[in-house]
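Just so you know, residue 1 is the first one in the sequence shown, and it goes up from there.
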Amino acid sequence: MTEVFKSTFSEKHGESLLRSYELKYLTPLVSLIPKWIKSYHLTLLSILWSLLIVLFSYFARENIKWLWLVSLTIFFQYLSDYFDGSVGRYRNDGLAKWGYYMDHLLDYIFLASIFLGYFMIVDEIYKYYVFFLFVLMAGFMISSFLYFSVSNKFKTCYLGLGPTEERLLLIIVNSLSAVYGKVILENSLFFFLSFHLLVLIYVIYKAQKEIWFIDLNKEEN
């Protein structure tokens with residue numbers, strides 16, 4: 001495994017709003033994780049979290065209080081997702097390629113499980129909002145991978161918002177919905193949809209503009 005390959009997959013461009021707090025409070029904990037817990041164990045935990053999300057969401061159809069456990073599962077997935085790469089880099093376990101592939105594949109599966117859960121919970125008219133919001137979120141992932149393939153820069157944060165902030169927003173909405181009812185979740189879908197649509201348009205415009213100049217510079221050279 002070359003150092004260039006490791007740095008390419010481990011360094012992400014773009015700074016999220018909560019990144020400094022992660023580095024301050026979470027990164028020092030990497031050395032405390034037991035050695036029998038490998039980075040690939042943490043990566044594969046997303047399969048368990050995805051299954052639990054679907055299960056708890058299924059129960060939330062009848063009792064919205066189950067969203068508390070959905071939120072807790074999102075938090076656990078955040079921790080395992082954060083520490084899998086950190087543990088791999090800290091221990092230099094040599095699974096950069098496998099980690100890159102499986103981590104992002106399971107991120108997509110976890111994302112799908114969340115929206116499948118919401119699809120089961122909300123009333124019929126709001127299911128369309130859930131579907132189109134999932135399409136938009138998948139669009140961010142596709143844009144990131146395509147941009148990486150031509151620029152060698154892997155962006156996961158836009159306008160200061162990244163996966164950490166998105167998880168926090170989901171936890172907040174879930175918690176409010178568990179207290180005040182699913183009307184909170186249903187009413188928030190339109191605002192999430194509108195906001196992410198505008199941001200995705202901005203991201204695509206900015207990315208294609210940068211790639212355009214990459215092509216122009218290559219032609220000039």
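Checking side-chain atoms of Asp81 against main-chain N and O of Gln77 turns up no donor-acceptor pair under 3.5 Å. Not one N or O on the side chain of Glu22 forms a donor-acceptor pair closer than 3.5 Å with the backbone of Thr27. With hydrogens and angles disregarded, no donor-acceptor distance shorter than 3.5 Å links the side chain of Ser16 to the backbone of Gly160. Formation of a donor-acceptor pair under 3.5 Å by the Ser194 side chain with backbone atoms of Phe191 is not found in this model. Judged by distance alone, with hydrogens and angles left aside, the side-chain atoms of Lys155 form no donor-acceptor pair with the main-chain N or O of Ser144 at under 3.5 Å.
Geometric assessment of Arg19 against the ring of Tyr21 yields a negative cation-pi assignment under the 6.0 Å and 45° thresholds.
You'll find the ring centres of Trp49 and Phe110 outside the 6.0 Å limit.
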Test side-chain hydrogen bond (donor to acceptor under 3.5 Å, both in side chains) on Glu166 and Tyr78 and set out the steps.
CA-CA 11 Å; Glu166 293 286 352; Tyr78 160 68; over 6 Å; no
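For the side chain to side chain donor-acceptor pair (under 3.5 Å) test with Tyr147, the passing option among Lys153, Lys206, Glu210 is Glu210; the others fail. Partner of His104 under the ring pair (Phe, Tyr, Trp, His ring centres under 6.0 Å) criterion, out of Tyr101, Tyr108, Tyr100: Tyr100 alone.
By the 4.5 Å heavy-atom criterion applied to side chains, Leu200 and Leu197 are not counted as neighbours. Ser151 is listed as a side-chain neighbour of Ile214, based on a closest heavy-atom distance under 4.5 Å.
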Distance-only criterion, 3.5 Å: show the donor-acceptor pairs between side-chain atoms of residues 124-142 and protein atoms not counting sequence neighbours.
unit_1	atom_1	unit_2	atom_2	d
Lys127	NZ	Phe119	O	2.4
Lys127	NZ	Val122	O	3.3

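Leu168 and Leu189 are members of different hydrophobic clusters when ILVMFWY side chains are connected at heavy-atom separations under 4.5 Å.
With sequence neighbours excluded, the residues that form a side chain to side chain contact (heavy atoms under 4.5 Å, CB included) with Lys38 are Tyr40, His41, Arg91.
Under the 30°/60° scheme for interplanar angles, the aromatic rings of Phe115 and Tyr118 are found to stand perpendicular.
Scanning both residues, Ile37 and Val87, for their nearest heavy atoms gives O-CG1, 4.5 Å.
Between the side chains of Tyr90 and Ser39, not a single donor N or O lies within less than 3.5 Å of an accepting N or O.
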